[in-house]
Each structure stands twice: as structure tokens, then as C-alpha cells.
Amino acid sequence: MTHNSRAVYDQLLDHESLTRDELAELTGLTRVAASASVETLVARGLVVPVVSPTNVGPAAKRYALTATAGYVVGAYIRHGFIALAAADLTGRIAFRLETPFEDPDDAPSLLHSAITSCMQQAGADLSKLRRVVLGSPGIVDPLTGDFAFAFMLPTWKHTLTGDLRRRLGRPVVFENDVNLAAMAEARFGHGQGVRHLVFAWIDEGLGLGLVLNGRLYRGRHGWAGEVGYLAAPTPAPATVVVGMPGSIHQLASAPAISAFGDECGFGADPAVAVTVALHAGAAGAAFLDEVARRVSLVVSCAALLVDPSVLVIDGGYIAAGGDVLLGLIREHVSRTSKTPVRLELPTVHDEPILRGALQTALDDARDSLFAG
């Protein structure tokens with residue numbers, strides 16, 4: 001279908017219903033071109049006339065998207081559980097379920113069962129499924145949609161995605177969980193109205209989700225944003241934690257802040273240590289300032305490399321520090337980065353990874369309607 005049809009479709013995504021005249025005005029098309037695009041979309045079953053007693057004459061007839069023209073499934077997989085949701089092409093969530101998931105040997109069968117169950121409970125035939133996006137910690141090959149390595153699901157085989165595609169007969173891709181959280185924040189949080197967003201996840205590991213021009217950027221091999229591997233000076237006194245020696249992981253990850261908090265007498269739980277430090281006078285202020293300095297190394301690196309419109313920072317001890325820690329991070333970044341950057345805490349707290357999976361699946365499914 002044409003570029004004009006896509007323009008009409010996108011306007012109907014943003015509005016409950018529109019007349020042909022309204023579509024022409026919003027898209028900048030002539031009425032003839034807008035009408036032709038509407039007819040094309042109606043013929044494809046993607047748009048339907050809206051029955052309304054106020055519709056008088058052809059010019060007043062309103063049109064809306066056919067929500068049931070297709071569905072997508074998004075999922076968030078962690079060791080121990082999987083949360084799934086099915087949404088129609090308007091983005092309305094039709095059903096959500098959660099099921100145990102203990103890194104099974106036959107993951108394709110379990111995932112196939114969960115996806116088909118989710119679609120059934122949504123009242124949709126499996127033939128209407130257009131796209132599945134599964135979010136999980138790990139590295140994903142952006143060319144194939146297969147995971148290269150799943151940190152928390154080490155027994156998974158690289159053939160899993162292909163197996164699942166064959167069982168469903170539909171496109172299936174895996175996506176890194178931080179990328180999906182970034183997508184959720186880009187669409188529903190601080191990224192609204194801006195072109196480029198970086199989402200910095202600082203917890204057990206360090207990772208950046210990059211949303212550039214509204215789309216995820218993964219890099220050639222899927223490693224874009226894996227800043228935890230960047231070389232960094234060893235903290236003084238040297239406190240080595242498990243994983244990636246000599247890297248920034250040793251400075252700012254949750255295990256690193258755990259070791260630092262324990263050393264300073266605030267406890268080994270990084271979120272607790274930060275919370276205690278907020279009320280611990282001068283010693284607490286010094287601890288928080290050092291934590292902020294370490295985080296600022298990650299943030300400054302991202303700001304200089306990507307120059308984003310907004311950079312969102314999240315993670316367990318980041319959330320515990322709240323606006324106080326964010327303010328300290330801003331101070332350090334203002335001294336270390338030559339690029340002005342807007343730093344924020346996240347606003348999307350309700351299942352951001354699952355919401356990002358659904359949004360990514362919807363973007364891909366909608367694109368596929370107009371491919372070729």
C-alpha cells in the first residue's frame with residue numbers, strides 16, 4: 001500500500017474516528033487522495049465505517065481502525081516467570097497472563113502454549129497474530145531476532161526462536177529487556193515529544209537502551225549500549241566484584257555499590273545503603289557524592305556518544321536515592337560532560353518491559369501492513 005495510506009492509517013491511530021475531510025486536512029492530502037486511501041484501507045479490512053446517527057451524507061461518514069484486523073503478543077521473561085499480553089492493532093490490551101517459567105528444557109513448547117493461551121483468552125484466532133516480541137535479559141542479534149546470549153537463561157538454545165516461529169507460523173523476535181524499558185519510556189514517558197532518548201539501567205549490570213528517531217538502535221551485532229564492559233579505573237581502595245574486571249561494572253553496578261556501602265558501614269544492600277546515607281549526615285553525603293560520581297561516568301559517556309534529547313536513569317539504588325541522588329549526578333555530569341543533557345528518573349513504572357515489548361511488536365506489525 002502507498003505512503004498516503006500509511007499517513008491515513010497513522011492519523012486514525014491517533015483519533016477515535018475521522019471523516020474523509022478531516023483526514024485530508026490532517027494528512028495534507030487532497031480529498032480525492034485521502035478518499036482513495038480510505039477505500040484502499042477499507043478493502044484491506046484495516047478500516048471500517050463508523051455507524052453513527054449523526055452521520056448525514058457521504059462527507060459526514062466517519063472511519064475508524066478495525067481493531068480486530070490483527071493482534072500482537074509481547075512478553076517479559078525472567079527466571080521463574082513469564083508475563084504475556086495480547087493487544088489488538090490499536091494498542092488496546094485484550095488479555096494479560098502470568099505463568100511460571102523455570103528455564104525449561106523445552107522452552108519452545110512452553111512459550112507456544114503460553115502465547116496460544118493468551119490469544120485464546122483475548123478472544124482472537126491465532127491466524128490474527130501478526131508479531132511476537134519476547135523480552136529477556138541478554139544480547140540479541142538484530143539481524144535475526146535470535147538471542148546470542150541470555151544471562152539468566154543459560155540453557156536456552158540459539159534455535160529457540162526459529163523453533164517458535166515454525167510452531168506459530170508468525171514472526172517472533174527476542175529483544176533485550178533494557179531496550180524494551182527504553183521503548184516504553186520513549187513512547188509513554190519522558191521521550192514523548194523528543195527525537196532521541198537514552199535509558200540507562202544501572203543495577204546488577206549496566207546497560208543503555210537507545211531510542212533514536214523513535215526506533216530502537218541495537219548496533220550491528222546487538223551490543224550497542226553494553227557500557228558495563230567499558231574500561232574504567234579500579235575504585236580506591238580496590239574492591240573487586242564478580243564480573244568484568246577492570247570495567248565500569250566494578251564502579252557503578254549494584255554489586256559494586258554493595259561492596260562500597262558495606263565498606264562505608266551503610267550495609268551490603270545497595271538500595272538500603274543509599275537510603276541510610278540520605279539520613280546519615282556528612283558521612284552519608286560523602287558516600288552519596290561518590291556514588292553519584294561513579295554513575296556520572298556512565299551518564300557522561302552516553303551523553304557524549306549519543307547526544308540525546310533526554311537521558312533517563314533507572315535501577316534499584318537509583319530509585320532509592322530519588323531526586324537527591326539525581327541532583328548529585330546532575331552536578332557531576334555538568335562538570336564531566338561537554339554536552340548538555342537533560343537527566344530524569346523514569347515515569348513508566350507499570351511493567352515497562354512488557355509495555356515496551358507490546359509497543360515494539362505493534363510498530364513492527366503496523367510497518368508490515370505497508371511493506372512493499
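We're numbering straight along the sequence, starting at 1.
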Using atom types as modelled, flag every donor-acceptor pair under 3.5 Å from a side chain in residues 307-328 to any protein atom, sequence neighbours excluded.
unit_1, atom_1, unit_2, atom_2, d
S309, OG, H196, N, 3.3
S309, OG, H196, O, 3.4
Y317, OH, A252, O, 2.5

**Report entry** Flag, side chain of R330 to backbone of L343, donor-acceptor distance under 3.5 Å
**Finding:** yes
Query raised in the report: Is the shortest distance from a Lys or Arg side-chain nitrogen in R130 or D364 to a carboxylate oxygen in the other one below 4.0 Å?
Result: no
Query raised in the report: So, do L369 and L89 sit near enough that their side-chain heavy atoms are less than 4.5 Å apart?
Result: yes
Query raised in the report: Can you tell me how far the SG atom of C118 sits from the CZ atom of F95, to the nearest 0.5 Å?
Result: 6.5 Å
Query raised in the report: With sequence neighbours left out, which residue pairs that include part of residues 247-261 fulfil the salt bridge (charged side-chain N to carboxylate O under 4.0 Å, His left out) condition?
Result: none
Report task. Tell me, please, whether F260 has R294 positioned over its six-membered ring: NZ or CZ under 6.0 Å from the ring centre and within 45 degrees of its axis? Result -> yes
**Report entry** Heavy-atom pair of closest approach, residues A254 and P270
**Finding:** O-CG, 3.7 Å
Query raised in the report: Is there a donor-acceptor pair closer than 3.5 Å between any side-chain N or O of T66 and the backbone N or O of V47?
Result: yes
Requested in this report: Verify the distance criterion only: is there a donor paired with an acceptor across the side chains of R167 and S109 at less than 3.5 Å?
Outcome: yes
Query raised in the report: Any side-chain donor paired with an acceptor under 3.5 Å for R335 and H332?
Result: yes
Requested in this report: Decide side-chain hydrogen bond (donor to acceptor under 3.5 Å, both in side chains) for D21 and T19; before the verdict, give the C-alpha distance in whole Å, the side-chain angles of both, and the deciding distance to 0.1 Å.
Outcome: CA-CA 5 Å; D21 286 343; T19 67; 5.3 Å; no
Report task. Give the C-alpha distance, both sets of side-chain angles, the deciding distance and a yes or no for side-chain contact (heavy atoms from CB on, under 4.5 Å) between V173 and T161. Result -> CA-CA 7 Å; V173 297; T161 314; 5.7 Å; no
Query raised in the report: Under 4.5 Å between any side-chain heavy atoms of L297 and L230, yes or no?
Result: no
Query raised in the report: Do the non-hydrogen side-chain atoms of Y76 and E351 ever get within less than 4.5 Å of each other?
Result: no
Query raised in the report: So R170 and S127, side-chain contact (heavy atoms from CB on, under 4.5 Å) or not? Walk me through it.
Result: CA-CA 9 Å; R170 294 292 182 272; S127 64; 3.9 Å; yes
Query raised in the report: Taking S296 for the side chain and V333 for the main chain, is one N or O donor matched with an acceptor at less than 3.5 Å?
Result: no
**Report entry** Between OG1 on residue T336 and CG on residue L304, distance to nearest 0.5 Å
**Finding:** 7.5 Å
Query raised in the report: Is K61 reaching over with its side chain to a backbone N or O of P49, donor-acceptor style, under 3.5 angstrom?
Result: no
Query raised in the report: Within a radius of less than 6.0 Å around OH of Y217, do more than 12 heavy atoms belonging to other residues, nucleotides or ligands occur?
Result: no
Show the atom names and distances, to 0.1 Å, of all donor-acceptor pairs under 3.5 Å that link a side chain in residues 184-193 to residues at least two apart or in another chain.
unit_1, atom_1, unit_2, atom_2, d
E185, OE1, T347, N, 3.2
E185, OE1, V348, N, 3.2
E185, OE2, H190, N, 2.9
E185, OE2, T347, N, 3.3
E185, OE2, T347, OG1, 2.9
R187, NH1, D363, OD1, 3.2
R187, NH1, D363, OD2, 3.3
R187, NH2, G214, O, 3.3
R187, NH2, D363, OD2, 2.7
H190, ND1, R342, NH2, 3.2
H190, NE2, L345, O, 2.9
Q192, NE2, F188, O, 3.2
Q192, NE2, G189, O, 3.3

Requested in this report: Look at the side-chain heavy atoms of Ile, Leu, Val, Met, Phe, Trp and Tyr, link any pair under 4.5 Å apart, and say whether V38 and V48 land in one connected group.
Outcome: no
Requested in this report: Of all the heavy-atom pairs spanning C264 and F287, show the shortest one and how long it is.
Outcome: SG-CD1, 3.9 Å
Query - N/O donor-acceptor pair under 3.5 Å between H15 side chain and Q11 backbone - result: yes
**Report entry** Minimum heavy-atom distance L134-A75, with the two atoms named
**Finding:** CD2-CB, 3.5 Å
Report task. Report the distance from atom CG of D14 to atom OG1 of T90, rounding to the nearest 0.5 Å. Result -> 12.0 Å
Report task. Determine whether L29 and V8 make a side-chain contact, defined as any pair of heavy atoms from C-beta on separated by less than 4.5 Å. Result -> yes
Query raised in the report: Closest heavy-atom contact between G267 and A273?
Result: O-CB, 3.7 Å
Query raised in the report: Under a 4.0 Å N-O cut-off, is there an ion pair linking R218 with E175?
Result: yes
Query raised in the report: Checking T116 side chain against S113 main chain: does a donor-acceptor pair fall under 3.5 Å?
Result: yes
Query - Nearest heavy atoms of L354 and G74, plus distance in Å - result: CD1-O, 3.3 Å
Report task. Under the side-chain contact (heavy atoms from CB on, under 4.5 Å) rule, what do L212 and V306 come out as? Steps first, then yes or no, please. Result -> CA-CA 9 Å; L212 309 180; V306 183; 3.7 Å; yes
Query raised in the report: What is the distance from atom CZ of R293 to atom OG of S300, rounded to the nearest 0.5 Å?
Result: 11.0 Å
Query raised in the report: For the side chain of R131 and the backbone of V72, is there at least one donor-acceptor N/O pair under 3.5 Å apart?
Result: no
Report task. Considering non-hydrogen atoms only, spot the tightest contact between L180 and G135 and give its length. Result -> CD1-CA, 3.4 Å
Query - Backbone of A114 reached by a side-chain donor or acceptor of S117 within 3.5 Å - result: no
Query - L111 side chain near I77 side chain, heavy-atom distance below 4.5 Å - result: yes
Query - Interatomic distance, N179 atom CG to T360 atom OG1 [nearest 0.5 angstrom] - result: 8.5 Å
Query raised in the report: Is S334 reaching over with its side chain to a backbone N or O of E331, donor-acceptor style, under 3.5 angstrom?
Result: yes
**Report entry** Nearest-0.5 Å distance that lies between atom CG in L65 and atom CG in D88
**Finding:** 9.5 Å
Query raised in the report: Can you find a heavy atom in the side chain of M183 that is under 4.5 Å from one in the side chain of V133?
Result: no
Query raised in the report: Do the side chains of P100 and F81 get nearer than 4.5 Å, heavy atoms only?
Result: no
Query raised in the report: Side chains of E25 and R31: closer than 4.5 Å at any heavy-atom pair?
Result: no
**Report entry** Same apolar cluster (I L V M F W Y, side chains within < 4.5 Å links), F370/L13
**Finding:** yes
Query raised in the report: Do other residues, nucleotides or ligands put more than 12 heavy atoms under 6.0 Å from the CD atom of E39?
Result: yes
